[in-house]
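Some notes on the structure that comes next.
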Amino acid sequence: MGSHSYLRALAATPIIPVAVEKGWSESSSPNVRGPPALVFTFSQMEDRLKAAYKATTEGKFPEALRQFLSILHTIPLIVVDSRREVDEVKELIEIVKEYILGLRMELKRKELRDDVNRQQELAAYFTNCKLQRVHMRLVLASAMALCYKQKNFATAEHFARMLLENSPNEGQAKKARQVQQQCSGKKDSSELNYDYRNPFVVCGATYVPIYRGQKDISCPYCGSRFVPSIEWQLCTICELAVVGADASGLVCSPTQLR
């Protein structure tokens, strides 16, 4: 629809639809149809990503989630010309789906009132997402404070150590060192479904860890991972593809068809 223009003629005649072609010029042959003009470009996605990052930094998580989802929903309408650009599109999908997973878990955590263990688990899983360093520091500081408050000292010390490894600002570093000092040698007061020593991914629907060696299935579009019971359901991260479906994945360039 976006690659058409509409011309008004006489009042008694219907409006004339005209296809708008990509790269059309006056020298183009009238008998050869070109591909349709594109409404969206990859450079626009980069601008949207910056806006989503900004909203995340400012703590506007519902707005950030909307921005990240908008990127995932627009990418299938983009066409790029080279293999390098295909790799950049795939990299963007990977970045965005990590943020969507993390933000959904954080918004879920804020809805919880009485289940403090589940709050800590969701905060811990957020630290497992691949985020920009500035956002990772904020997530680690939040998880550290939450676990320390609930007397899960060993886990709080782990987050404090991770925070110090991520070049925190002076205030963050001071708090992390204080937590390290006060938690040193102490154990957790409650058991969490979180083992930072064992590599895992987080299920995009149930928000539970899927540890290495456990079976999982994935979304053919965004690559998000899920526990097997989610198979054939709509992906809760991209909201576009069916989990576990046998599909080609995103095709966004003629170079992928050669």
Side-chain angles (χ1 to χ4, degrees), residues 52-53 55-66 68-69 97-166 168-169 171-211 214 216 224-227 229-230 235-237:
Y53 280 156
T56 304
T57 304
E58 295 172 351
K60 300 175 181 176
F61 294 153
E63 171 63 17
L65 181 59
R66 187 187 67 79
F68 283 119
L69 273 172
K97 63 111 169 173
E98 290 286 323
Y99 271 87
I100 291 175
L101 172 61
L103 290 170
R104 286 198 189 282
M105 289 192 293
E106 181 64 10
L107 292 172
K108 180 69 174 177
R109 183 183 73 80
K110 291 186 175 183
E111 293 175 3
L112 300 174
R113 291 289 182 267
D114 303 322
D115 193 345
V116 292
N117 273 19
R118 184 58 172 159
Q119 288 181 23
Q120 293 172 82
E121 288 170 354
L122 291 174
Y125 303 154
F126 200 175
T127 69
N128 197 63
C129 295
K130 299 182 182 75
L131 310 175
Q132 283 206 321
R133 181 165 281 188
V134 61
H135 302 137
M136 180 57 76
R137 289 195 289 262
L138 296 172
V139 170
L140 286 168
S142 174
M144 177 186 73
L146 194 59
C147 291
Y148 180 77
K149 182 179 179 182
Q150 299 302 324
K151 296 182 170 54
N152 279 334
F153 298 121
T155 305
E157 184 181 10
H158 163 69
F159 291 134
R161 184 169 59 253
M162 285 183 65
L163 180 56
L164 291 170
E165 291 171 356
N166 276 273
N169 60 40
Q172 290 171 331
K174 183 179 179 181
K175 288 181 181 178
R177 292 192 190 96
Q178 288 174 343
V179 169
Q180 267 193 322
Q181 186 177 9
Q182 295 175 27
C183 294
S184 181
K186 296 181 181 179
K187 297 182 179 180
D188 288 346
S189 63
S190 58
E191 186 176 349
L192 302 177
N193 185 15
Y194 173 65
D195 182 5
Y196 57 82
R197 293 172 292 270
N198 190 359
F200 67 91
V201 294
V202 180
C203 172
T206 60
Y207 309 139
V208 296
I210 305 170
Y211 291 104
Q214 293 180 332
D216 65 38
S224 297
R225 310 275 277 281
F226 298 87
V227 294
S229 62
I230 304 299
C235 174
T236 51
I237 300 301

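Residue numbers run from 1 in the order of the sequence given.
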With heavy-atom distances below 4.5 Å as the criterion, would you say the side chains of [X] and [Y] are in contact?
X      : Y      : answer
Phe61  : Lys110 : yes
Lys174 : Gln178 : yes
Leu122 : Glu111 : no
Pro168 : Lys175 : no
Leu146 : Arg109 : yes
Arg104 : Lys108 : no
Leu101 : Tyr207 : yes
Gln172 : Asn169 : yes

Provide the closest heavy-atom pair for [X] versus [Y] in the form atom of the first, atom of the second, distance.
X      : Y      : answer
Ile210 : Val227 : CD1-N, 3.7 Å
Val179 : Ala156 : CG1-O, 3.9 Å
Ile100 : Leu65  : CG2-CD1, 3.8 Å
Phe226 : Cys203 : CA-SG, 3.8 Å
Cys129 : Met136 : O-CE, 3.1 Å

| message | Determine whether His158 and Cys147 satisfy the following criterion, side-chain contact (heavy atoms from CB on, under 4.5 Å), listing intermediate values before the conclusion. | response | CA-CA 10 Å; His158 163 69; Cys147 291; over 6 Å; no
Give a yes or no on whether the backbone of [Y] and the side-chain of [X] come within a donor-acceptor separation of less than 3.5 Å.
X      : Y      : answer
Tyr211 : Asp195 : yes
Ser184 : Gln180 : no
Asn193 : Pro209 : no
Glu58  : Ala55  : no
Gln120 : Val116 : yes
Asn152 : Ser189 : yes
Thr236 : Gly204 : yes
Thr127 : Ala124 : yes
Ser142 : Leu138 : no
Asp188 : Ala154 : yes

| message | For Gln181, is the CD atom crowded, meaning more than 12 foreign heavy atoms sit under 6.0 Å from it? | response | no
| Should we count CZ of Arg225 as having more than 12 external heavy atoms under 6.0 Å? | no
In Å, rounded to the nearest 0.5 Å, how long is the span from [atom1] of [X] to [atom2] of [Y]?
X      : Y      : atom1 : atom2 : result
Met105 : Arg118 : CE    : CZ    : 9.0 Å
Glu121 : Glu191 : CD    : CD    : 9.5 Å
Lys130 : Asn128 : NZ    : CG    : 7.5 Å
Leu164 : Met144 : CG    : CE    : 8.5 Å
Arg133 : Glu165 : CZ    : CD    : 9.5 Å
Asp114 : Asn117 : CG    : CG    : 12.5 Å

| task | Examine Tyr194 together with Phe159 and report whether their ring centres are nearer than 6.0 Å. | result | yes
| query | What is the ring orientation for Tyr99 with Phe68, classed by angle as parallel under 30°, tilted 30 to 60°, or perpendicular over 60°? | reply | parallel
